[in-house]
Every structure is written in C-alpha cells, then in structure tokens.
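Data block below; observations after.
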Amino acid sequence: MTALRSENAAGELPDGRTQLEFDDNLLLPSLYGERDQHLDRVERQLGISLITRGNRLVISGPPSATEAARLALSRLYDRLKQGQDIDIAIVEAALRLAQAEIADRSLSLWQEDAGFRTRKRRIAARTPGQAAYIKALREHELVFGLGPAGTGKTYLAVAAAVDLLMTGQVERIILSRPAVEAGERLGFLPGDLRDKVDPYLRPLFDALNDMLPADQLARRLATGEIEVAPIAFMRGRTLSHAFVILDEAQNTTPMQMKMFLTRLGEGSRMVVTGDPSQIDLPPSIRSGLAEALDTLSGVEGIGVVRFTERDVVRHDFVARIVRAYEARERATRVAEP
C-alpha cells in the first residue's frame, strides 16, 4: 500500500494539478536525488513540471504524463520505505513501467514477484519486456529470450537461476554457449577446458559475480553446483534438477540446438537466449535458433519473449545504435528485388 497522501481522493488540486504528500521527510533526499537529479530526470523524460513544497510535491503537465509521474514517484517512495535504494537507473525503470501501465491498464508490472532475489541484491524488471520475460521464466520450463544487446535477456536468466538455486528449487546451474563462432575449435586454445571456454562465457560469469559473493561463487564452481558446459561437451547427458542456460544461441547449428534442447531432464528449467540479427555462422549454415523457433512454434508450454530497442537498459546510445542498425536492415530489405 502506498505511503503517499493527497488533499482529496483524486489527488488533484483545484487548478487541476496533482499533489503528493509524503509522510517521512527523511526519505525525500533519496527520492529527489542529489541536487534533485531524480526529479530533473522525471521532468525531462515526461515533459512535466515538479515543484517541491516541504513534504509536498506538485506535478503539472499533460494528464497522462502527470499520472505516469505520480505512479512512478509513488512506487519509488514505497521502495525507499521498504529499505531499498534508488538511483537514476531505477528512476528510469519506474518511469518506463508506469508509462506502459498507463498505456495498457491491464498490465501490472511493478510487483514484488516481478524480480529475483540473489545473495547480493534483488533484481527486478526495468522495462515491460523484462517484466514479460520474468513472468515467462517463472511459468515455463523452456523459455526463449530473443533480442538485441543490452536488454537483460542473459542477465535475468542468470538471476532466475541463482534465485532457484538459493531456494533449493534446482540443485545446480549449467552455463553453456557456442565457444567459437562457426566451429567450437576448443583444442586450438591454450589451457584446460575451463581456460578454453572462460573468454566465451565471461558475460555469464560477470552476471554471477553481480549476484553471488566471490567466495560462494568460487566454492559452487569447485563443487559443480555451478558448471561450465560448452555445448560441444553436452552430447549424451541428461540434465536433471538443473537450471540450464544457453547463451548466444543464434550461433548454434540446427544439430547442436536439437541436441541441447533434448538434454532437458526431470525437474529442470532451460533458457535459450540469443539475438537473431547477430548470427556469426557461415552463410551456408542456418542458425539453430532460427530453426528451433520455426520447429517449435506450435509446441505448447514454451515461453518466447522478444525484446526490442525499447527494452535496452544499458547506455542510451546502445538503444540508438540498435535502432539505427534495425532501420538500415529494414531499408536494405525494401531495396532488395
């Protein structure tokens, strides 16, 4: 329940503006941000005006934008009341989710279960696409997460895996990825198996480091609770009671993908992530990810979530880069005979 109050039931002043009143002034510096940077971001992103008056905040602007600001600020304040921190990224996430819910009133994206808990932090959805992805990860044994870089498809899959491992719902995490574009020639790389595949699985390890203390991660890697299993070494295994992640799946061959998907065992979850626009295979070889999506399109119980540039949560330039490349690809397709 929100901790905000207003002068009337609608939260509107006589002149049509919206007013929020906060019951804990000690939280306002965190809500407003250093030198009011959080409020500045809300104003710029929504095209509204925010005026602070003691423990009150007056919102002026177009009705839909004003409602988005009210909803986002209410939820950010509730987050602070629960002892959680906020930063610019969290503010932007709250704004995106609020705008999506106002555009589609059937959505309810800011929920306690719309995220995962790890040893280091709670990881929640920052875009409508991520909220749909988290819902799919909770409800389906096999999920495909598709989309451009920076949308969180791999990071959230690792968060789901850690959450289920910590709560005892799975016994281990298995991380897999095509180790070398168009070939997996691991024998040409120096070192043992772990040394050979580490560079290719680094994004997965970076995510794990964000979610588990270093000593726990090292121990779980040593005991096999968290396992590095390049796809070339998955043949013949049955993966039971495990959370299995295949990253960069667009660079698998159809044979590799079929082999991987049929490893799913009792009590296991599997997530396949990839960007269909970033295939590094030779032109003569079809992507196993593309073929799997076509083949499994009518199979019940599989979750497929497609991210767009609107779900990019890295630097703003990443979203702009993705949009530019997608526009170029569309123009090229139109120009082709």
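The shortest distance between side-chain heavy atoms of Phe144 and Ile302 falls below 4.5 Å. Within the 4.5 Å cutoff, the side chain of Arg220 has heavy atoms near those of the Leu165 side chain. Counting only heavy atoms from C-beta outward, the side chains of Asp210 and Asp206 never approach each other to under 4.5 Å. Taking 4.5 Å as the limit, some side-chain heavy atom of Leu175 sits within range of a side-chain heavy atom of Leu208.
Residue Ile86 holds its CD1 atom at 5.0 Å from NE2 of His38, rounded to the nearest 0.5 Å. If you take CD on Gln278 and OH on Tyr325, they are separated by 8.5 Å, rounding to the nearest 0.5 Å. Rounding to the nearest 0.5 Å places CG of Leu289 at 7.5 Å from CD1 of Ile279. Atom OH of residue Tyr155 and atom CG of residue Asp247 lie 14.5 Å apart, to the nearest 0.5 angstrom. The CG atom of Leu27 lies 10.0 Å from the CZ atom of Phe22; values are rounded to the nearest 0.5 Å. Put simply, CD1 on Ile285 and OG1 on Thr253 are 7.0 Å apart, with the number rounded to the nearest 0.5 Å.
Across Leu146 and Pro276, no two heavy atoms sit closer than the pair CB-CD, 4.4 Å. Nearest heavy-atom pair across His140 and Gly301 is ND1-O, 3.0 Å. Val305 and Ala136 get closest at one heavy-atom pair: CG2-CB, 3.9 Å. Here the closest heavy-atom approach between residue Leu246 and residue Pro178 is recorded as CD1-CD, 4.2 Å. The two residues Gly47 and Pro62 have their closest heavy-atom pair at O-CD, 3.9 Å. When every heavy atom of Ile48 is checked against every heavy atom of Ala69, the shortest pair comes out as CD1-CB, 3.4 Å.
More than 12 heavy atoms of other shown residues, nucleotides or ligands fall within 6.0 angstrom of atom CZ in Arg44. Heavy atoms of other residues, nucleotides or ligands lying less than 6.0 angstrom from CZ of Arg219 number more than 12. Crowding of Glu266 atom CD: a count of heavy atoms from other residues, nucleotides or ligands under 6.0 Å not exceeding 12.
One side chain, Thr127 or Asp311, offers a donor N or O that lies under 3.5 Å from an acceptor on the other. A donor and an acceptor atom, one from each side chain of Gln99 and Glu101, are nowhere located under 3.5 Å apart.
Side chain of Arg263 to main chain of Arg237: a donor-acceptor pair is present (N/O by atom type, distance under 3.5 Å, no hydrogens or angles). Proximity of a side-chain donor or acceptor of Ser176 to a complementary backbone N or O of Ile231 within less than 3.5 Å is detected. Not one N or O on the side chain of Tyr133 forms a donor-acceptor pair closer than 3.5 Å with the backbone of Val143. With hydrogens and angles ignored, the 3.5 Å screen pairs no side-chain donor or acceptor of Thr118 with any backbone N or O of Ala159. Gln130 contributes a side-chain N or O that, together with a main-chain N or O of Arg126, makes up a donor-acceptor pair within less than 3.5 Å. When atom types are taken as modelled, the side chain of Glu43 and the backbone of Leu50 share a donor-acceptor pair closer than 3.5 angstrom. A donor-acceptor distance shorter than 3.5 angstrom exists from the side chain of Arg269 to the backbone of Leu137, with no hydrogens or angles considered. Judged by distance alone, the side chain of Asn55 and the main-chain N or O of Asn25 form no donor-acceptor pair under 3.5 Å. A donor-acceptor contact shorter than 3.5 Å is absent between the side chain of Lys153 and the backbone of Phe307. The main-chain N or O of Ile174 is never found under 3.5 Å from a side-chain atom of Glu227 such that the two would form a donor-acceptor pair.
Under the side-chain contact (heavy atoms from CB on, under 4.5 Å) criterion, Thr52 pairs with Tyr32, Leu39, Leu57, not counting sequence neighbours.
Residue Leu31 is not grouped with residue Leu26 when hydrophobic side chains (ILVMFWY) are merged at heavy-atom distances under 4.5 angstrom, including chains of intermediate members. Note on Leu296 and Val244: same hydrophobic cluster, where clusters join Ile, Leu, Val, Met, Phe, Trp and Tyr whose side-chain heavy atoms are under 4.5 Å apart, directly or indirectly.
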Exercise for the section: Begin with the C-alpha distance, continue with both residues' side-chain angles, and end with the deciding distance and a verdict on side-chain contact (heavy atoms from CB on, under 4.5 Å) for Arg35 and Asp40. Expected result: CA-CA 9 Å; Arg35 295 189 294 275; Asp40 290 342; over 6 Å; no
Practice task
Run the numbers on Asp23 and Lys81 for side-chain contact (heavy atoms from CB on, under 4.5 Å), then give the verdict.
Solution key: CA-CA 10 Å; Asp23 60 6; Lys81 293 282 284 186; 3.4 Å; yes
Exercise for the section: Determine, step by step, whether Phe243 and Gln169 satisfy the side-chain contact (heavy atoms from CB on, under 4.5 Å) criterion, reporting the C-alpha distance in whole Å, the side-chain angles of both residues, the deciding distance to 0.1 Å, and the verdict. Expected result: CA-CA 9 Å; Phe243 197 109; Gln169 298 178 63; over 6 Å; no
Exercise for the section: Begin from the C-alpha positions of Leu95 and Val91 and carry the test side-chain contact (heavy atoms from CB on, under 4.5 Å) through to its verdict. Expected result: CA-CA 6 Å; Leu95 290 171; Val91 172; 4.3 Å; yes
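The side chain to side chain contact (heavy atoms under 4.5 Å, CB included) with Val272 is formed by just one residue from the set Thr252, Leu142, Leu293; it is Leu142.
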